[in-house]
Engineer: 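Here it is: the structure, laid out below.
The basis for the numbers below is simple: all heavy atoms, side chains too, and nothing from hydrogens, waters or symmetry mates.
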Amino acid sequence: QVRLVESGGGLVHTGDSLRLSCAASGYTFSLYTMGWFRQAPGKEHEFVARIDYSGRNPYYGSSVKGRFTISRDNARNMIYLQMTNLKPEDTAVYFCARQRRDLVRPSTYPSDFGRWGQGTQVTVSS
């Protein structure tokens, strides 16, 4: 079955860096656009970044653009989120997700992503 497993979260300080990983299994990874979302307490899922099946054309949410980098390794069925210059407002549970294959264009809407991991907590202290 489809599985997405995030790792790499933790407690860091303002200005620190952190790299999240997501291991995918149970499907042909290289065919799907993948994304990262986050959810802070009491808030809805927020789009962070996405990357298309080829690894080209990364796209970022405005709050992380210039600080975060999404990448993927299709040979290892992995996606990554390199986070730099972290801020307290980046504190959230981070999820990787697989976009629905029937969508023609890459999306930023959580409802367009049909498979999700369990999430990994990132806490940034001031």
Side-chain angles (χ1 to χ4, degrees):
Q1 72 277 22
V2 175
R3 288 193 71 201
L4 299 172
V5 180
E6 302 93 338
S7 61
L11 172 63
V12 296
H13 298 288
T14 298
D16 284 351
S17 298
L18 203 60
R19 189 176 86 149
L20 305 183
S21 301
C22 174
S25 61
Y27 68 101
T28 306
F29 178 74
S30 60
L31 295 180
Y32 289 82
T33 291
M34 299 294 296
W36 286 98
F37 292 82
R38 66 187 183 185
Q39 188 175 29
K43 296 188 176 181
E44 296 185 352
H45 284 94
E46 176 189 4
F47 169 76
V48 174
R50 69 161 191 248
I51 190 164
D52 69 13
Y53 68 96
S54 69
R56 295 187 290 267
N57 305 312
Y59 185 78
Y60 300 93
S62 58
S63 61
V64 307
K65 192 173 183 179
R67 299 188 297 123
F68 291 12
T69 303
I70 188 172
S71 61
R72 67 189 295 161
D73 184 340
N74 284 346
R76 290 183 169 83
N77 290 3
M78 297 287 294
I79 64 167
Y80 305 98
L81 186 68
Q82 179 68 48
M83 306 184 292
T84 63
N85 191 21
L86 283 160
K87 305 174 182 180
E89 50 264 44
D90 294 318
T91 295
V93 178
Y94 284 71
F95 300 89
C96 70
R98 186 186 81 173
Q99 184 173 305
R100 286 167 35 205
R101 183 116 188 265
D102 61 305
L103 296 174
V104 175
R105 297 178 181 177
S107 173
T108 62
Y109 297 103
S111 58
D112 289 336
F113 289 74
R115 298 285 188 171
W116 294 72
Q118 83 289 348
T120 185
Q121 176 71 46
V122 173
T123 303
V124 185
S125 65
S126 58

Engineer: Any chain of hydrophobic side-chain contacts (each under 4.5 Å) joining I79 to F68?
Structural biologist: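 Yes, I79 and F68 fall within the same hydrophobic cluster.
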Engineer: Quick one: does any side-chain atom of E6 pair with a main-chain N or O of T120 as donor and acceptor, under 3.5 Å?
Structural biologist: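 No, because the side chain of E6 does not come within donor-acceptor range (under 3.5 Å) of the backbone of T120.
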Engineer: Are the ring centres of F37 and W116 closer than 6.0 Å?
Structural biologist: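 Close enough - the centres of the two rings lie under 6.0 Å apart.
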Engineer: Is the Y32-Y53 ring centre distance short of 6.0 angstrom?
Structural biologist: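 Judged by ring-centre distance (under 6.0 Å), Y32 and Y53 do not meet the cut-off.
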Engineer: For residues S71 and I51, report the shortest heavy-atom separation together with the two atoms involved.
Structural biologist: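 What the structure gives for the nearest pair is CA-CD1, 3.7 Å.
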Engineer: Determine whether E44 and P110 make a side-chain contact, defined as any pair of heavy atoms from C-beta on separated by less than 4.5 Å.
Structural biologist: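 The answer is no, as the side chains (C-beta and beyond) never meet within the 4.5 Å cut-off.
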Engineer: Please tell me whether L31 and L4 are part of a single hydrophobic cluster in this structure, the criterion being side-chain heavy atoms less than 4.5 Å apart.
Structural biologist: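 Looking at the clustering, L4 is in the same group as L31.
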Engineer: When clusters are formed by joining ILVMFWY residues with side-chain heavy atoms under 4.5 Å apart, either directly or through shared neighbours, do V64 and L81 land in the same one?
Structural biologist: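 In one cluster: yes.
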Engineer: List the atom of F113, the atom of M34, and the distance in Å for their closest heavy-atom pair.
Structural biologist: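 F113 and M34 have their closest heavy atoms at CE2-C, 4.2 Å.
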Engineer: Find out if a path of hydrophobic residues (ILVMFWY) with successive side-chain heavy-atom gaps under 4.5 Å connects I70 to F47.
Structural biologist: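 Not linked; separate clusters.
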Engineer: I need the minimum non-hydrogen distance between P106 and R50, along with the two atoms involved.
Structural biologist: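 Scanning both residues completely, I find the closest heavy atoms to be CB-NE, 3.1 Å.
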Engineer: Test of understanding: with side-chain hydrogen bond (donor to acceptor under 3.5 Å, both in side chains), list the residues that count as partners of R76, not counting sequence neighbours.
Structural biologist: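 R76: side-chain hydrogen bond (donor to acceptor under 3.5 Å, both in side chains) contacts with D73.
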Engineer: For the residue pair A49 and Y60, what are the closest heavy atoms and their distance?
Structural biologist: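 In this case the closest contact between A49 and Y60 is CB-CD2, 3.6 Å.
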Engineer: By side-chain hydrogen bond (donor to acceptor under 3.5 Å, both in side chains), which residues pair with S54, not counting sequence neighbours?
Structural biologist: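 Partners of S54 by the side-chain hydrogen bond (donor to acceptor under 3.5 Å, both in side chains) criterion, ordered by chain and then number, come out as D52.
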Engineer: Check residues 83-94 and write down every donor-acceptor pair under 3.5 Å in which the side-chain atom is one partner and the other belongs to a residue at least two apart or another chain.
Structural biologist:
{"unit_1": "T84", "atom_1": "OG1", "unit_2": "R67", "atom_2": "O", "d": "2.7"}
{"unit_1": "D90", "atom_1": "OD1", "unit_2": "R38", "atom_2": "NH1", "d": "2.9"}
{"unit_1": "D90", "atom_1": "OD1", "unit_2": "R67", "atom_2": "NH2", "d": "2.9"}
{"unit_1": "D90", "atom_1": "OD2", "unit_2": "R67", "atom_2": "NH1", "d": "2.7"}
{"unit_1": "D90", "atom_1": "OD2", "unit_2": "R67", "atom_2": "NH2", "d": "3.4"}
{"unit_1": "D90", "atom_1": "OD2", "unit_2": "K87", "atom_2": "N", "d": "2.8"}
{"unit_1": "T91", "atom_1": "OG1", "unit_2": "P88", "atom_2": "O", "d": "2.9"}
{"unit_1": "T91", "atom_1": "OG1", "unit_2": "V124", "atom_2": "N", "d": "2.9"}
{"unit_1": "T91", "atom_1": "OG1", "unit_2": "V124", "atom_2": "O", "d": "3.4"}
{"unit_1": "Y94", "atom_1": "OH", "unit_2": "R38", "atom_2": "NH1", "d": "2.9"}
{"unit_1": "Y94", "atom_1": "OH", "unit_2": "D90", "atom_2": "O", "d": "2.6"}

Engineer: Where do V2 and R98 come nearest, in terms of heavy atoms and distance?
Structural biologist: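 Looking at all heavy atoms of both residues, the closest pair is CG2-NH1, 3.7 Å.
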Engineer: When the side chains of residues 11-30 are checked against the rest of the protein, which donor-acceptor pairs come out under 3.5 Å, sequence neighbours left out?
Structural biologist:
{"unit_1": "H13", "atom_1": "ND1", "unit_2": "S125", "atom_2": "OG", "d": "2.8"}
{"unit_1": "T14", "atom_1": "OG1", "unit_2": "S125", "atom_2": "O", "d": "2.9"}
{"unit_1": "D16", "atom_1": "OD2", "unit_2": "H13", "atom_2": "N", "d": "2.9"}

Engineer: List in chain and number order the residues that pass side-chain hydrogen bond (donor to acceptor under 3.5 Å, both in side chains) with Q82, two or more places apart in sequence or in another chain; answer none if no residue qualifies.
Structural biologist: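 Once residues adjacent in sequence are excluded, Q82 has no partner under the side-chain hydrogen bond (donor to acceptor under 3.5 Å, both in side chains) criterion.
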Engineer: If you look only at pairs with a residue in residues 100-111, which of them pass as a side-chain hydrogen bond (donor to acceptor under 3.5 Å, both in side chains), with sequence neighbours excluded?
Structural biologist: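 Every pair satisfying side-chain hydrogen bond (donor to acceptor under 3.5 Å, both in side chains) with a residue in residues 100-111: R100-D102, S107-D112.
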Engineer: Above 12 or not: heavy atoms from other molecules or residues under 6.0 Å from OH of Y80?
Structural biologist: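 Result for OH/Y80: enclosed.
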